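Here is the structure we will look at.
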Amino acid sequence: MTAAIAPPHPPVFARRHLLTCEGLSVPEITSLLDLANAAAEANRRVHKKGDLLHGRTLVNLFFEASTRTQSSFELAGKRLGADVMSMNVQASSVQKGETLIDTAMTLNAMRPDILVVRHHAAGAVELLAQKVDCSVINAGDGAHQHPTQALLDALTIRREKGRIEGLTVAICGDILHSRVARSNINVLTTMGARVRIIAPSTLLPPNPSRFGVEVFNDMWAGLEGCDIIMMLRLQNERMQGSYIPSSREYFHFFGLDHEKLACAKPDALIMHPGPMNRGVEIASTIADHSRSVIREQVEMGVAVRMAVLEALARNLPNR
Amino acid sequence: MTSPRTAIKPLDANRRRPAGGKPASTQSGTAFINARLIDPSTNLDGPGGLLVRDGVIADLGPHLRLNAPPDTAVVDCAGHVLAPGIVDCQVFTGEPGAEHRETLKTASFAAAAGGVTTMVVMPDTTPVIDQVALVDFIQRRARDNAIVNVATMAAMTRGLAGEEMTEFGLLRRAGAVAFTNGKSSITNTRVMRNALLYAKDFGALIVHHTEDPYLSKTAAMNSGEISARLGLPGVSTAAETIMLERDIRLVEVTGGRYHAALISCRQSLEVIRAAKKRGLPVTCGVSINHLTLNEFDIGSYRTFFKVRPPLRTEADRLAMVEGVISGDIDVIVSSHDPQDADVKRRPFTEAADGAVGLETILSAALRLHYGNESVPLLTLWRAFATTPAKLLGLNAGTLHKGAPADLVLVDLASPWVVNKEHLRSRSKNSPFDESKMQGQVLRTVVAGETVYPFADGK
């Protein structure tokens, strides 16, 4: 009786920005993944273009170099019919000494609808979001968050395994400096996966177990019985002696090779957010392994970004 | 690393084997009868005998005191002390790079003569032992040339420069028993923290020389009245304790296993004591020099008494002895550091640091047993055999059945005078030259083979 007069459901994802995965609810994540799943199917058609964002302006503002995330957002925006602009910040006013806030105010005056921002400093995207009138998507801020990466990883897992809940996921590598790890821990634990992190102690944040994960310094033990192996990129500047002694030793103890892969479940998936260092964190043959879904991750990246743009666009004011 | 797949190669693999696989004697083993057995690992100090078969201790106890099993070679110990050989965990040699000062071979002869059955050599060589291939080199050279067991510590930072960590995991697999920056301290606190943190994952021990180089740079001796009178630049004990206290804080943060290589003063002992009381994984060592000598011994600028850290006051020396007795100081080392006349026969400030000690460590330690300090023999052997072996994960320092027969037979009473010309070490810089000693090594046995007295009778 009441159902008949109830107002239509408000959109499940009712936020203005997507800045962090921390605090996203199961329905929010599920709705985004459902949207993304539909987008993924649409992306496989010959005619991919929609008009949901027709007339809207999407600005990519990347203060840090990026290939896949930036092009993925660009493509996602275009497929939804938006006007997309990518700002090459290295060559812009930032180099001339403009502060982050001033850059934000300048851009704001151009009246974009959605800003996609990557910045090398944790918290910078949130700061910017406070100063502009449009929606902001965090495309990576320092070692803090990279929400669309975690969502695309979740979508990849869900499509391959049919579920996320109950799976054991091992995230291996430089957890300390990784926004991908933090975002994935948030999303995967929220969705009911058991998450393990595997790294040398020098590449772990303090009190890692407070993240609701199991912590391993021994990759052989950590991979035992895992459904998903998520490798992280090791930054070049971390390789020489300060956090780990050498890439050779790192590969020996923390690189994914066939011997260590054999510890995981026989149908375990291999994931990597890219770009890979072959022979450092992942053996070349493993990267190209039949269980590697690294290319699927890239494909799902476009779909997830379309879903996020769509969800945010629904919440934009129609001025 | 706990997984069997990453298991560290048993260190036994590095043990000396009798050269050339000597034909087994027709007799099955050797019986050491009529001995006073000392073994800190079981708190044993009593009459008995010990049977060696195939290089390991096959049996021991009072039942073997007078009765050797048939078909065994018999060594009558005449009531003398038979104990685990010394595990000396700080030995500098000149190999590779300064073979004119000491080689692994010459050091091993000195060790055998001094009752040392395992030498742990330091990475301060040219080149520095900071790579797997160099650990292999030391082990091969030791296997082919040394007459006692040789274990090696690897450098903690590349080139001992104190900046970049070495490959602890791979080096440990290659056989490095611990990681140290040798004679230099790591001033970069971040490097030290990361090293402790990283070492923890591999169960590796960090051994650190604690001396603030900015305070000790120009110093030639302990700072105090004597240095003032001699007009020599001194270094205060603070240089040692500042670094030690910093390290203890880092151990607290990281949980890494830490061993202060050499402490030399009362204040350092207090720091160690407090750390142990808090349950931190901290141990420390002291050199035989700092247990038996003090700054007065420098006398009129005698450079053979110039060591690092410098000899301290008598009060500090007594504190060190007390630390050994209480067990707060875990390990006694020789800190054997051969230096030739070229670098020792110089004005005190310009002379090199270091003293040889392999051949005198045992006799010198017995001074503490006979002197006013009355250190029990079990305490001494615990500090220079049992505990160092345990810290470094070596199968040594014990008379357990099945343990390698690394033994020393000591006549506690026999007097002798040190004559540097008779030292086997290639360098003769002994602070004990012409000293009267009581207690002499009669026989040293490594893996069941007698390595001292030497075959040529010298």
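Note that the structure is predicted; figures quoted are calculated from it, not measured. Naming: A, B, ... by sequence-line order, numbering from 1 per chain. Scope of the values below: all heavy atoms of this structure, side chains included, with no hydrogens, waters or symmetry mates.
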message: Quick check for you: to the nearest 0.5 Å, what is the distance between B/Met165 atom CE and A/Ser242 atom OG?
response: 7.0 Å

message: Using a 3.5 Å distance criterion without hydrogens, assess whether the side chain of A/Glu249 forms a donor-acceptor pair with backbone atoms of B/Gly169.
response: yes

- prompt: Near B/Lys390 NZ, under 6.0 Å, is it more than 12 heavy atoms from other residues, nucleotides or ligands?
  reply: no

query: With sequence neighbours left out, what residues match B/Thr157 under side chain to side chain contact (heavy atoms under 4.5 Å, CB included)?
result: B/Asn181, B/Ile186, B/Val191

message: Nearest 0.5 angstrom please: A/Thr202 OG1 to B/Arg190 CZ, how far?
response: 11.0 Å

query: Taking atom CD of A/Glu126 as the centre, does the number of heavy atoms from other residues, nucleotides or ligands within less than 6.0 Å exceed 12?
result: no

- prompt: Does CZ in B/Arg278 sit with more than 12 non-hydrogen atoms of other residues, nucleotides or ligands closer than 6.0 Å?
  reply: yes

- prompt: What's the spacing between A/Ile244 CD1 and B/Phe168 CZ if we round to 0.5 Å?
  reply: 12.5 Å

task: For atom CD of A/Glu22, decide whether the heavy atoms of other residues, nucleotides or ligands shown that lie under 6.0 angstrom number more than 12.
output: no

- prompt: Would you call B/Phe202 and A/Pro200 a side-chain contact if the rule is heavy atoms closer than 4.5 Å?
  reply: no

- request: Check whether the side chains of A/Tyr250 and B/Glu167 place a donor and an acceptor atom closer than 3.5 Å, and report yes or no.
  value: no

query: Which residue out of B/Leu170, B/Val253, B/Leu171 racks up the most heavy-atom pairs below 4.5 Å with chain A?
result: B/Leu170

query: What pairs with A/His272 under side-chain hydrogen bond (donor to acceptor under 3.5 Å, both in side chains), at least two apart in sequence or on another chain?
result: A/Glu281

- prompt: Is there a donor-acceptor pair closer than 3.5 Å between any side-chain N or O of B/Asn194 and the backbone N or O of A/Tyr243?
  reply: no

query: Hey, are the side chains of A/Ser246 and B/Arg158 touching, using non-hydrogen atoms and a 4.5 Å cut-off?
result: yes

query: Is it true that a side-chain atom of B/Asp201 and a backbone atom of A/Ser201 form a donor plus acceptor pair closer than 3.5 Å?
result: yes

